[in-house]
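Side chains are part of it too, since the values below use all heavy atoms of this structure and drop only hydrogens, waters and symmetry mates. The structure displayed is predicted, hence computed values, not measured ones. Just so it is clear: chains get the letters A, B, ... in the order the sequence lines come, proteins before strands, and each one is counted from 1.
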Amino acid sequence: MSAVPGMTPPLLSVRDLVTEVATARGPMRAVDQVSFDLADGEILGLVGESGSGKTVTLRSILRLVAPPARVAGTILWRGRNLVALPERELRAIRGREIAAVFQEPMTALNPVLTIGLQIEENLQAHTMLTARERRRRAIELLDIVGIPAAASRLDGYPHQFSGGMRQRAMIAIAIASNPRLLLADEPTTALDVTIQDQILKLILTLRQQLGMSVIFVTHDLGVVAETCDRVAVMYAGRIIETGSVATVFAGPRHPYTAGLLASVPRTGGERRPLQSIPGTPPPLSQRSGDCAFAPRCAFATDHCRQRQPTLSAVAPDHAAACWHPEALTTAPPRTAAIAPPPRAPSRPTATTPLFEVAGLVKGFPVRRSALARLLGKPQRVVHALNGPHFVLGRGETLGIVGESGCGKSTLAQCLVRLIEADAGTIRYDGIDIRTLRGAARRGFNRRVQMIFQDPYGSLNPRMTVRQILGEALHVHHMRPAAAIPDRITALLDLVRLPADAADRYPHAFSGGQRQRIGIARALAVEPECLIADELVSALDVSVQAQVVNLLLDLQNQLGLSVLFVAHDLRLVRHISHRVAVMYLGEIVEIAPTEALFAAPRHPYTQALLSAVPDIDHSRRTLRIAVRGELPSPLAPPPGCPFHPRCAQAIDRCRRERPALTARGGDRLFACHLAPPQDGAAAAPRP
Amino acid sequence: MTAVPTSGAAADPRRRRPAIGLIAGLVILGLSLLTAFLPGLVAPHDPLSFDYKAILHGPSLVHPFGTDNFGRDMLSRVIWAYRIDMQIAVFTTLFPILFGTMVGALVGFYDGIAAQIFGRIVDAVITFPFIVLVIAIVAVLGPGLGNMYIAVGMVGWVFYARLIAAEMRVQMRLDYAAAGRVLGYGDVRIIVRHLLPNAIGPVLVYWMTDMALSILLGSALGYLGLGARPPAAEWGVLIADGKNFMTTAWWMTIFPGVAIVLTGLGFSLLGDAVAELLRPRR
Amino acid sequence: MKRIIKASILAALFASASSTAMAVERGGILHYGRYADSIFLDPVFADSNVDIWILTNLYDTLLLPTDDGKGVRPGLASAWQLSPDSKTVTLTLRDGLFFSDGSPITAEDVKWSLDRARKPGNGLWGPDVESIDTITIADPKTIVLALKHPDPAILASLTVYNTAVVPEKILEALPGANDEEKAKVFSRHPVVSGPFMLDSWSRGTVMKLVANPHYWQKGSDGKPLPYLDGIDFEIIPDDATRILKLQAGELDGAELIPFPRVAELQADPKLDLKLFPSTRTSYITVSVRPQLSVGSPNPLSNDKVRQALNFAVDKDALVQIVTHGIGTPTSSFLSSATALHVGKGAVFPFDLAKAKTLLTEAGYPNGFATSIFVLAGSQDENTIAAALQQMWAAIGVKLDIQQVDNATRVAHYNKGDFSMRVGFWTDDTPDPSEAASYMAYYPHIQSLHTGWKNDEVDRLFTQSQSEIDPVARAAEYAQIQKIYNATAPLIFLYETPYAVALRKPVKGFNQIPLGINIFVGVSLEK
Amino acid sequence: MLSLRDLLNRMLQIIPTLIMIMAAVFIIVRLLPGDPASAILGDRGSAEDVARINTQLGLDQPIPVQFLYFVDRVLHGDLGTSITLGVPVAQLILERLPVTLLLTAMAALLAVVAAIPLAFLAAIRRGRGVDLTIGAFFQVGLSMPVFYTGIVFLTIFGAGLRWFPIGGYGDGLGEHLYHLFLPALTLAFSLSAVLMRNLRASIIDVLNADYVDFARSKGLAPRLVLLRHVLRNALVSTVTLFGLSVGTLVGGAVITETVFAVPGVGRLMIESIYGRDYPVVQGLAMTLAVVVSLVFLLVDIVQAMLDPRVSR
């Protein structure tokens, strides 16, 4: 499949691409001296963390960076230099020869135009088809990308499509004129894993059928491993390592690539502590002639801090921009030297229950119109929680995973009473917390704290860190006023922030640092239990590992119980003692981590695990893990909530809702199919 | 994940313009306020004293803006009008912004029946032409600036409340508000200490516009004889007074007009700058 | 009495002769800009100037006022006779009188119209003809009014719009429970006796009148009046806009030209600015009640205080500022254009020293604070008040200017709950009794709501109302004016003419001192 | 698009608003000092005359009773009769309302016609001379009192250049439009300034939107991108603002109608407040509220046409 470079001239040849965009602080070099080739039919993965310049590189190819950006260098596309091409001629290439798919289908599709029109305008621009033919072709395209009942969806608007369907529609638009090259900018980042799985497979299928080349921008190394032929790793606007995926992932020669690979949690194999890269990526505006990675690099020498390395071959079809490409092969990795990686969690010995949750129900009524009320239309309800049961033991970390809309965040919020449940019981340390009021409630609030997902939204931007922490200490009388400054310093130290961070405002910190401040705020009231809702999902991988490791460390140090809510199964695996899988407001399986990942029993768990891209898997199989999309929580299906998407569903599944039952040991799941005894289940992957 | 829209957000070259706007706005309004506080220092003549020998004189060295039909110095009248018009700008908006912010904060925070009632009040107020409402209320209370403040206060707060309630709802979706509740903070603390400082931005921007609009409203009421009391100088009254002399004594209307436009410009520039400054930083 | 009548006839003849000296162009529509629209086109029930100043163009009266507003001349009645005891008036109708629908105007119509006008509760103007006891039709051309008592103003009253002749049969046939309701229906499509009839009316925009083809009066060319084909009354409330429209040639005439603009328009070669003598006086009404509504003593109840305030007003300056030199200081509470007016020069000439002395004598050596109502949005009133504020400051009187709208002011006024207010007066009848009864005679409306009561004036007024000896009546009026002016329940200001701007081709327009616009003789030259 | 059900829904929501306005106006007019009789009779009326007229009008009854009568009559479609003019209020409104509607509609049209292209120009050339000039021009529009603008326009375009008649309304639709042009322009001046600023900002926002880049990535012509993708999205927020400005527009008409001698409801409203013509004030208030509500409804419909997300 992959073309051998050098035999035929490359389809696309980028040389010394420089893109400067204007900012408040003057021009910023977002892409710096980037060069790469793309062979016909090849999939190139462009990876890097946020701000590394991968998206700007991609957009520079079609000159889609907003003016007054400056693009320099050469981009040779089938013999023509796109950088110098007049706008009119470039327009004939855009969409016709090179098409693009963007990250967020909701914002990339024009919300006020029908999907049909947005497909047809591409055809109108590049083909001689008549209106009738364009419409037929549009239906055909929707059909190709797997949108059911394509003809009827043509006149729908983007908001009437689900996320996955929107992404399919965007792909349909992109491939409308049979382009030779597809530029895919994080096309699956906004999607759930099962949908991501479907989309990735769609792109692979299309590549096969249409003979397209693809440049795939992503931050997810797992996605690269499973879909790409070659990879280029970007850091601070430059490509720092490139080569075939197999070579680079097996033996990275740049410390950054190595660090990145080490900080990514895996779905399989032995649970190892996550490794992190210290520090954060540099802002692009503060660049000088050094190696941009030097400040974070364990192998950096003075030479690195003075001279900028260029990309040079370290092996056949493998190049790295590092002064010491041999260091990784000779020295043991010391990427996380600052903080020794915490031990992988083991099951705590004492398991007295801290939280006991039973039959929790929460529905969000949909606002009814005046007319509907007048006509006595029944109230429609979004069923967010349909009675999950579970226990969180003292000192235990329980991971709650599930895709968006499964109710996991609602569950977390009910536990701290940000949301009041409609029915069911929540006992904390034996007390029913749903009826607590006044001082008792404040006491409970002190003992159970929550840490939040959004590093930007979770801190009040108008308060300094000192005010944020001081307020928590003051309100709960944690310390006498005189002792508060010391305590703030201690808290900052606990989350590994310098003392002088206290007098700065949140915007002065990076995302990871903000999450630490959020943790410090929660710890200020000395809680026994932390509820972390998607704590690191907004962070870059290298930083993710830092925060996760910090959390594990604190848990060990302070004996905290943790409820870790996340959609990232790989991450949950690395943190949790036990994992609960949620689907449509219910827990469908709950089991000790090792057991769950080794042998998932519920068909949904199995599907979920098989959909997760993993660095250890070299090539994605074309079998789709799970069909269809999440049913509407407004009208959950009768019987087993998963049955409409379950390949093995039997008649009973459609009628009867399976209960979460213990099937040997610590393992519970809710499925009619599985035999009652804990037998050997099918492995998650064929 | 890495949801940074690389396309345009970083690429707006105009982000340096607000600095110029801010300075210009501050200079205009600073001078206006100074004039408003110390008109006596700036004005060359007594704005009220008649000079029957100098009726309707055109601009000259003695009277740079000319004189009116009483022989009063127009420059001094325009200057003294700053005192009244700046007062109009501030006093008309003071109660609305304070009370409106308070109501808006409560409605935005608590929702429920009160919010429903509030919604209907908002509908009623925005459905009915504002100036007619104010004219009717001023007519009830009697003309005069004090009553204009009351009249505007009775309806003007609704706009602020609506703005702040909407912004409160936006802020409440952010996690820091939830964090406060999880930390067991009281409602008052969450509203006053956390939500309001973040929700107040659009209100401040609107306030600037509203102050400029208040001057216009004061002028319109002055034109209808419902505003400032004679012989006090107020720009709208000055223009209305000069209306009959448009063709013979243009200076009676032009200079107050320029003062209104200039002050409006000041508020507008400052409003834009404030909006820019309050734009969330990340 | 006879002499008076003769004099009136002569005056009338002179007036008509002077206005018809030259050959006149016929035809054309006159576009006339008014500041406000009429409200109610019924002669009995109309009560505001926007109606009564134009009503006589639609409805003719038995007698007509002379051009100077002081006398009467023949109208629908070609002659009249007063009995020696002055208790009977005999009127002779002209031949060939028709309503605008072509039906004849009969003696029955006249009697019915007068009865309607004097029925108690019908409109505001009934008291003018309250002296009529019975009306009899002696023959189809002769109507006899028997009076309850001699009434020196009876002939004048017969020139007033409320006595205008309307068609009995048509009005009676209209739906409505009472005269007022019938009048409301009638006035929308009236059948008229005057020179013009209503063609169309879109309220607030334009009222179109067209010539009544059946009108009796003849023009200088011997053909029936009016000369014009019609008049469009266009409503332009804003003074500046009205003048702009006139200057642009979109109007042929515009009323109520603000005095600041007079000089400018006089200089305009295309325009003819008229300053018609008027009975319009401007003054400040003062409440002379011993206590203010809040209960505190009222300094203005002291005669000396009011005299002092009067002396402290620099009338010449005021005339300069407010009227741009066009007005003259009033010499009595009656305007100099009103019959039986006496006085020369300002009632209280400007004298600050005297004012201070008087104020000290009254016990206010350092002055006092008081307030004045002005009509919100009225530039004239505001200007007057601002000027007074300045002038009275010289004697220590602080004047607080309170802008109010008309209804508010009237409400306060009727309750006597005010200190001062700016006021204007215009006579509606060509006799001083109207002004005297409202301004000086307490029982009517408490002397313009001032609360001023002088028994001698009340007695003199009552006596003058049935005094048929003109000399004696003049003497009574002289005495009334002397007493009234000296005790000064008003601050006397000035009297002003009516400023009307016409385009040069417009000829023959008259606005008599009573304010009434007379379009019957207007012609448009080519 | 809005469905019929949505439309019915919006109309249902108008009812409580109207009731509130009706009650508020009813109370406010009765709180006005003075009464219709004082306004009618003026200075020369005696206290007895005032009392007699007020009794005739039924104003001597307790306010709640008067309100019940009023509501009853309104429910029977009777808005009463004008106290000063003696004409049925409904007839007055029928005469005057079209004038104001025409005036405000023209003003709205002029404002939109001016604002859209200029906002585009300013947004695309943002920060440059053209942008600053347009901004400065509209800044003047924002801060000029309406009556002043009106007088200036009259003096320049009416009296000076003789392009337009000076005030008045004329006969027939053509004349009406001709007469209303200047007052509409006066009203449009400040409205277009508001719209222009808002639209310029939203165009700049939309130009940065992902879908615009995506549209460009399809190889569409710039004109198509601007008209189909940018304008329509940018208009969404401006349409909302436009709807909210309708009240202001009607308010501005009050003054404009006085300056330009336009016989619309604005002037009638002020005259009726001054004249204490309770039935007219009440009737007008109701009518204006209904009209503005209908405009809001129209705006909702337009918005639903522009933005399919609006309808649920």
How about Phe137(D) and Phe189(D): are their ring centres within less than 6.0 Å of each other?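 Yes: the rings meet the under 6.0 Å criterion.
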
Do the two ring centres, one from Trp425(C) and one from Tyr438(C), sit under 6.0 Å apart?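 So the answer is yes for these two rings.
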
Count the heavy-atom pairs under 4.5 Å between each of [options] and chain C, then report the option with the highest count.
options: Gly275(D), Gly150(D), Pro263(D); value: Pro263(D)
options: Ile151(D), Val259(D), Thr258(D); value: Val259(D)
options: Glu271(D), Glu95(D), Arg276(D); value: Arg276(D)

Which answer fits [X], side chain, backbone, both or neither, if we ask what part of it has an atom under 4.5 Å from a heavy atom of chain D?
X: Gln247(C); value: neither
X: Arg242(C); value: neither
X: Lys184(C); value: side chain

Out of Ile236(C), Val404(C), Thr285(C), Asp238(C), which one racks up the most heavy-atom pairs below 4.5 Å with chain D?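 Winner by heavy-atom pair count: Asp238(C).
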
Quick one: does any side-chain atom of Glu234(C) pair with a main-chain N or O of His31(C) as donor and acceptor, under 3.5 Å?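 Not at all, since once roles are kept as given, no pair shorter than 3.5 Å links the two residues.
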
I'd like to know if the side chain of Arg267(D) reaches the main chain of Val254(D), judged simply by a donor and an acceptor atom lying under 3.5 Å from each other, with no hydrogens or angles considered.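 Answer holds: no.
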
Heavy atoms, side chains only, cut-off 4.5 Å: are Ile63(D) and Phe26(D) in contact?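 Yes, at least one pair of side-chain atoms sits under 4.5 Å.
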
Compare all side-chain heavy atoms of Thr205(C) with those of Ile235(C) and state whether any distance is below 4.5 angstrom.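 A side-chain contact under 4.5 Å is absent here.
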
Need one label for Ser82(D): side chain, backbone, both or neither, based on atoms under 4.5 Å from any heavy atom in chain C.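 Neither part.
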
Contacting moiety of Leu268(D), where chain C heavy atoms sit under 4.5 Å: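 No part of it gets close to chain C.
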
Would you call Glu257(D) and Arg96(D) a salt bridge, taking side-chain N to carboxylate O under 4.0 Å as the test?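 Arg96(D) and Glu257(D): not salt-bridged.
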
